[in-house]
Amino acid sequence: MSRQDNGHDFLIRESIIQNAAELFARFGPTKTTMADIAKCVQMSPANIYNFFDSKNEIMEAVGQKIFSGVSEKIRVEIKKRQDYFDRLSVLFIFIHRFIQKNITPSEDVMRLQLVEGLKDWEYAKNFEIFVLNQTTEILMAAVAETDDRLMRCQADARIILDCLSFGVVYSNMFRNIEPKEHEARLVQQLDLVRDALRVRGYRI
């Protein structure tokens, strides 16, 4: 669909995204309709389609906006830490706390898509790549330089993400556990990750 690229249209698109994000957070993406979004921005549903082809396209835009904000906050927090393990911990603890704070209705999957990297959402793939890259950078700084350092760190970053994704960082299995207990389990997992990395020669 051809759309004019001007400041007015940009503001309208941003308003649609912002209002949709609020509706998704309150009711969940599945229960939110295009008519609901149109009502919030005070335009007709038909007019919404001048800016977005579908609700899925709006969901993608909302997800990308959330991803951009979260990733920037994570970068800032990592830069505050000097210790490599602290950097690794703050990366996953920040994600964990974000999930706990931004739980959407249980029958909805958008919250999990943001963090689990489901392959049919571009922002989810971007977020997964971001976490892998941040983890790889931390590992690169914490190990001696060798010819295969990059490949080794990328592989280890993938293993760390897979292990923590299967456990208490992302898993819906732990939703009913008290937040403090949930985070304590994450810290225990991170301690095991640190031990394994030390065995592999990382200064962490």
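Heavy-atom minimum distance, I16 versus I48: CD1-CD1, 3.9 Å. Closest approach of A61 and F52 over heavy atoms only: CB-CE2, 4.0 Å. Pairing each heavy atom of D86 with each of D83, the nearest pair is N-OD2, 3.0 Å.
Side chains of Q18 and K65 form a contact here, defined as non-hydrogen atoms less than 4.5 Å apart. At a threshold of 4.5 Å between non-hydrogen side-chain atoms, the residues I93 and L190 count as touching. When side chains are defined from C-beta on, L197 counts as touching L139, because their heavy atoms get closer than 4.5 Å. Between I66 and F127, every side-chain heavy-atom pair lies at or beyond the 4.5 Å cut-off. Contact of the L164 side chain with the I95 side chain is not registered, since no non-hydrogen atoms from C-beta on lie closer than 4.5 Å.
In this structure a side-chain-to-backbone donor-acceptor pair under 3.5 Å is present from R198 to I204. Although no hydrogens or angles enter the test, the distance criterion places a donor-acceptor pair under 3.5 Å between the side chain of R81 and the main chain of E77. Side-chain atoms of S68 come within 3.5 Å of backbone N or O of Q64 as a donor-acceptor pair.
With a 6.0 Å cutoff to the six-membered ring centre and a 45° limit on the axis angle, R152 counts as a cation-pi contact of Y202.
Donor-acceptor pairing under 3.5 Å is recorded for the side chains of T33 and D36.
Using a 4.0 Å cut-off between charged side-chain N and carboxylate O, E72 and R75 make a salt bridge. At a threshold of 4.0 Å, the pair D162-R158 counts as salt-bridged, since one of the basic side-chain nitrogens sits closer than that to a carboxylate oxygen.
Note that CD1 of I37 and CG of N19 are 9.0 Å apart. Values are rounded to the nearest 0.5 Å.
No more than 12 heavy atoms of other residues, nucleotides or ligands sit less than 6.0 Å from atom CG of D147.
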